[in-house]
Structure formats: C-alpha cells, structure tokens
Amino acid sequence: DKNQAPKVSLVPLLIGCAVIVGITIYPKAVVAADGNTDHGVLMLLMWAMMAGLVRGVGFVPRSKVLRWGLSSTACYAACLLSVAVKLLSK
C-alpha cells in the first residue's frame, strides 16, 4: 500500500554503513597486490554500500531493474562477491 511507512531493513543498512566506515578507516582493502586500486572490488563494495543504504532506509524503487539492483539480495551478493574477488586476486 502506498500509504504505509517505509520499513527499515537493519542488516543491509548496517552493511552499507560498515562499508563506508571500513573503506574510510582501511583504504588498503581496495588496493590490489600491485599497489593500484582494485576497481572490481571497489565497484562491488560501492554497489553493496549503495544497495544497503537505499534498502536499509526503506526506499523501494518503482523500476524493476533498480528494485532488484538496490535490493537486500543485491547488497548481500555484491558484498560476498567483493570478498570472493579480493580473496581470489591474491
């Protein structure tokens, strides 16, 4: 129903906030072995952060593509993929 208040999703919101704080405190998390920025890991973390914050505050886009791309599932998937890419690139 359009008149319902948005529902906060705590786990995605916490993931989004953790990515913000984590990259701020430890920027080497997105640095590759050669010393350059690991753009794949950074992109996945930014996606996880964005999806976590958007879904976490209760916003649900109207567009099906954006609704999926900024969903809790997308947040979890991007977060897990970033860890996998980081571990596999060592």
*Asks:* Do Val11 and Ser72 come close enough that some side-chain heavy atom pair is under 4.5 Å?
*Replies:* no
*Asks:* Any heavy-atom pair between the side chains of Phe59 and Leu53 that's under 4.5 Å?
*Replies:* no
*Asks:* Quick one: are Val41 and Lys86 in side-chain contact, heavy atoms under 4.5 Å?
*Replies:*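 Val41 reaches Lys86 side chain to side chain.
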*Asks:* Got Val31 and Thr37 here, is their nearest side-chain heavy-atom distance under 4.5 Å?
*Replies:*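 Not touching, per the 4.5 Å side-chain cut-off.
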*Asks:* Would you say the side-chain atoms of Arg55 pair up with the backbone N or O of Ser71, donor to acceptor, closer than 3.5 Å?
*Replies:*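 Checked: no pair found.
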*Asks:* Checking side-chain contact (heavy atoms from CB on, under 4.5 Å) between Val21 and each of Ile23, Val19, Thr24, Ile25, which is the one that passes?
*Replies:*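 Looking at Ile23, Val19, Thr24, Ile25, the match for Val21 under the side-chain contact (heavy atoms from CB on, under 4.5 Å) is Ile25.
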*Asks:* Which heavy atom of Asp34 sits nearest to which heavy atom of Asn36, and what is that distance?
*Replies:*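 Looks like OD1-N, 3.0 Å.
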*Asks:* Answer yes or no: is there a side-chain heavy-atom contact under 4.5 Å between Met49 and Met46?
*Replies:*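 Answer yes - side chains close enough.
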*Asks:* Quick check: does any side chain N or O of Trp47 sit under 3.5 Å from a backbone N or O of Leu70, one acting as donor and the other as acceptor?
*Replies:* no
*Asks:* For Asp38 and Ser89, work out which heavy atoms get closest and say how close.
*Replies:*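 Here Asp38 and Ser89 meet closest at OD2-OG, 3.9 Å.
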*Asks:* Following the transitive rule for hydrophobic clusters with a side-chain heavy-atom cut-off under 4.5 Å over Ile, Leu, Val, Met, Phe, Trp and Tyr, establish whether Met50 and Val83 coincide in one cluster.
*Replies:* no
*Asks:* Determine the minimum heavy-atom distance between Cys79 and Ala48, stating which atoms define it.
*Replies:*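 Smallest heavy-atom distance, with atoms named: N-CB, 3.8 Å.
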*Asks:* I'd like to check Val30 versus His39 (side-chain heavy atoms, cut-off strictly below 4.5 Å). Are they in contact?
*Replies:* no
*Asks:* Using a 4.5 Å cut-off on heavy atoms from C-beta on, say whether the side chain of Leu13 contacts that of Val57.
*Replies:* yes
*Asks:* With the 4.5 Å side-chain cut-off for hydrophobic clustering, are Leu45 and Ile20 part of the same group?
*Replies:*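 Yes, Leu45 and Ile20 fall within the same hydrophobic cluster.
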*Asks:* Please examine the side chains of Val54 and Cys75, heavy atoms only from C-beta on, and report whether any two atoms are closer than 4.5 Å.
*Replies:* no
